[in-house]
Amino acid sequence: MKIATWNVNSIRARLPNVLDWLVKAAPDVVLLQELKTIDQNFPAMEIQELGYNCAIHGQKSYNGVAILSKHPLSDVSTGLAGDKDDNQARYVEAFIEAGDESVRVASIYLPNGNPIDTDKYLYKLEWMDRLGKHAADLLRSEEPVVLGGDYNVIPADGDCYDVAVWANDALFQPEIRAKFRSILNLGYSDAWRDLHTETHVYSFWDYQRGAWQKNNGIRIDHLLLSPQAADRLARCEIDIGPRGRAKASDHTPVWCELTT
DNA sequence: ATGCCGGGCGAAGCCCGA
């Protein structure tokens, strides 16, 4: 089963690119972030025509996450547990029913947290704590689980082009990276890192300053696998193709292949 | 590395992203 994550930076602005990639890459499951639209304006018809079921958790203008699946979706839940007052659409989870390939997945849009001396940073810390609690709960099911999304965390120095540039950024703070590691330490695997040793491979390039052309990127889109999913991990790749297209998102898809 | 892009909203210019 091929499972991808992609921050599309507006599903409506990106629809032609997304549809093309769905046809070309043929993933079974896609975890989308930054829909930037409400559920009613999500282009479900066009995506369903390619054979995908949709679980949508939209929001006007900002955030918004979705799960696309060629297999039936069940047990859909929206929002991350632990804070009833959090109304930002950053989490959707579902069970993918596919016989002996069944898997539970979540699409995650972790808060950016910049600037670091503001409430936005505190919100990021709090959100990561809640994600860790929920991730721990999910492990107790002993199911294969894939938590994929835009984590807004640069895990290690080699995951960005210049550590000096990112030193004061929320994505690079030691306590943020420690919280990300603490989720891994529960028992999750960073699928891409587990299968690759090379550094300076990225999933995001800024629109500005010719970042794409100069390969000034960061690796912040991750697929975290529970042990039961990691045991089935056959492949994990970053497809930089979509980033080079006209009207590209600033993120590109990351995908993994789970076997039985 | 400071928003120089790019998207949403809404009809200019501001908010937001990483």
Side-chain angles (χ1 to χ4, degrees), chain A residues 5-19 21 31-43 56-66 86-91 107-128 131 148-177 179-180 192 200-222 238 240 242-254:
Chain A
T5 180
W6 191 6
N7 179 324
V8 291
N9 186 17
S10 172
I11 186 60
R12 299 174 74 192
R14 215 64 58 213
L15 188 59
N17 285 11
V18 170
L19 294 177
W21 191 76
L31 311 170
L32 298 176
Q33 299 89 38
E34 275 210 271
L35 305 178
K36 293 189 169 182
T37 192
I38 56 175
D39 293 13
Q40 293 84 340
N41 292 335
F42 183 89
I56 307 156
H57 183 33
Q59 182 180 336
K60 187 178 181 181
S61 302
Y62 308 115
N63 310 314
V65 286
D86 182 7
N87 50 21
Q88 298 190 28
R90 297 179 174 276
Y91 188 92
S107 179
I108 290 168
Y109 181 39
L110 206 147
N112 173 298
N114 278 306
I116 58 177
D117 58 349
T118 66
D119 287 346
K120 292 183 178 184
Y121 187 73
L122 298 176
Y123 175 62
K124 181 175 193 170
L125 291 172
E126 180 264 347
W127 209 94
M128 293 186 83
L131 179 61
D150 176 0
Y151 278 77
N152 273 313
V153 177
I154 300 167
D157 291 2
D159 294 315
C160 70
Y161 65 96
D162 183 352
V163 295
V165 166
W166 294 94
N168 294 315
D169 196 283
L171 282 63
F172 201 72
Q173 294 309 296
E175 63 181 333
I176 294 292
R177 297 163 80 178
K179 283 190 188 295
F180 181 76
W192 190 86
H200 305 99
V201 176
Y202 311 125
S203 65
F204 167 92
W205 300 258
D206 202 296
Y207 286 122
Q208 302 179 85
R209 298 175 288 272
W212 166 247
Q213 289 77 8
K214 292 186 280 191
N215 196 28
N216 288 348
I218 50 178
R219 192 175 70 90
I220 56 173
D221 299 274
H222 308 300
I238 300 176
I240 65 170
R243 184 62 181 85
R245 289 194 47 160
K247 294 281 287 179
S249 169
D250 39 8
H251 297 250
T252 211
V254 182

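Worth knowing before you read on, the calculation uses all heavy atoms, side chains too, and leaves out hydrogens, waters and symmetry mates. Model, not experiment: these values are computed from the prediction. Per chain, numbering begins at 1; letters A, B, ... match sequence-line order.
- Within the nucleic acid shown, A:Y109 comes within 4.0 Å of sugar-phosphate atoms alone, with no base atom in reach, counting heavy atoms only.
- Considering every non-hydrogen atom in both A:T5 and A:Q33, the closest pair reads OG1-NE2, 3.1 Å.
- Within 4.0 Å (heavy atoms only), A:N168 reaches no atom of the nucleic acid at all.
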Between the protein and nucleotides 7-10 of chain B, list every N/O to N/O distance that falls short of 3.5 Å.
unit_1 : atom_1 : unit_2 : atom_2 : d
B:dG7  : OP1    : A:R14  : NH1    : 3.2
B:dG7  : OP1    : A:K247 : NZ     : 3.4
B:dG7  : O3'    : A:S10  : OG     : 3.2
B:dG8  : OP1    : A:S10  : OG     : 2.6
B:dG8  : O3'    : A:S61  : OG     : 3.4
B:dC9  : OP1    : A:S61  : OG     : 3.4

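- Separating the CG atom in A:N168 from the CD atom in A:Q173 is a distance of 6.5 Å, to the nearest 0.5 Å.
- Straight-line distance from the CH2 atom of A:W205 to the P atom of B:dG6: 16 Å, rounded to whole Å.
- A:Q59 has its CD atom 12 Å from the C1' atom of B:dC16, to the nearest Å.
- Nearer to the 5' terminus of DNA chain B, by closest-nucleotide assignment, is the contact made by A:V165 (compared with the other of A:V165 and A:N114).
- No donor-acceptor contact under 3.5 angstrom links the side chains of A:N216 and A:D206, judged on distance only.
- Relative orientation of the A:Y161 and A:W166 rings is perpendicular, given thresholds of 30° and 60° on the angle between their planes.
- One P atom belongs to B:dG7, the other to B:dA1, and the distance between them is 25 Å to the nearest Å.
- Atom pair A:N63:CG and B:dC15:P shows a separation of 17 Å (rounding to whole Å applied).
- Using a 4.0 Å heavy-atom distance criterion, A:N152 is classed as a sugar-phosphate-only contact.
- Here the separation of B:dC16 from B:dG10, taken at their C1' atoms, is 16 Å to the nearest Å.
- A perpendicular orientation is assigned to the rings of A:W205 and A:W212, their planes being inclined by more than 60° (bins at 30° and 60°).
- Here the P atom of nucleotide B:dG3 and the CG atom of A:D169 are 12 Å apart, to the nearest Å.
- B:dA12 and B:dT2 have their C1' atoms separated by 24 Å, with the value rounded to a whole Å.
- Counting to the nearest Å, the C1' atom of B:dC16 and the CZ atom of A:F204 are 12 Å from each other.
- The nearest whole Å value for the distance from the CD atom in A:Q88 to the C1' atom in B:dG17 is 12 Å.
- Note on A:N216: nothing from the nucleic acid sits closer than 4.0 angstrom, heavy atoms only.
- The CH2 atom of A:W166 sits 10 Å away from the P atom of B:dT2 (whole-angstrom rounding).
- You'll find the side chain of A:P242 stays beyond 4.5 Å of the side chain of A:S249, heavy atoms only.
- To the nearest angstrom, C1' of B:dC16 lies 11 Å from CZ of A:R90.
- Across all strands, A:K124 comes closer than 4.0 Å to no nucleic acid atom at all (heavy-atom distances).
- Contact check for A:F180 versus A:L110: no side-chain heavy atoms found under the 4.5 Å cut-off.
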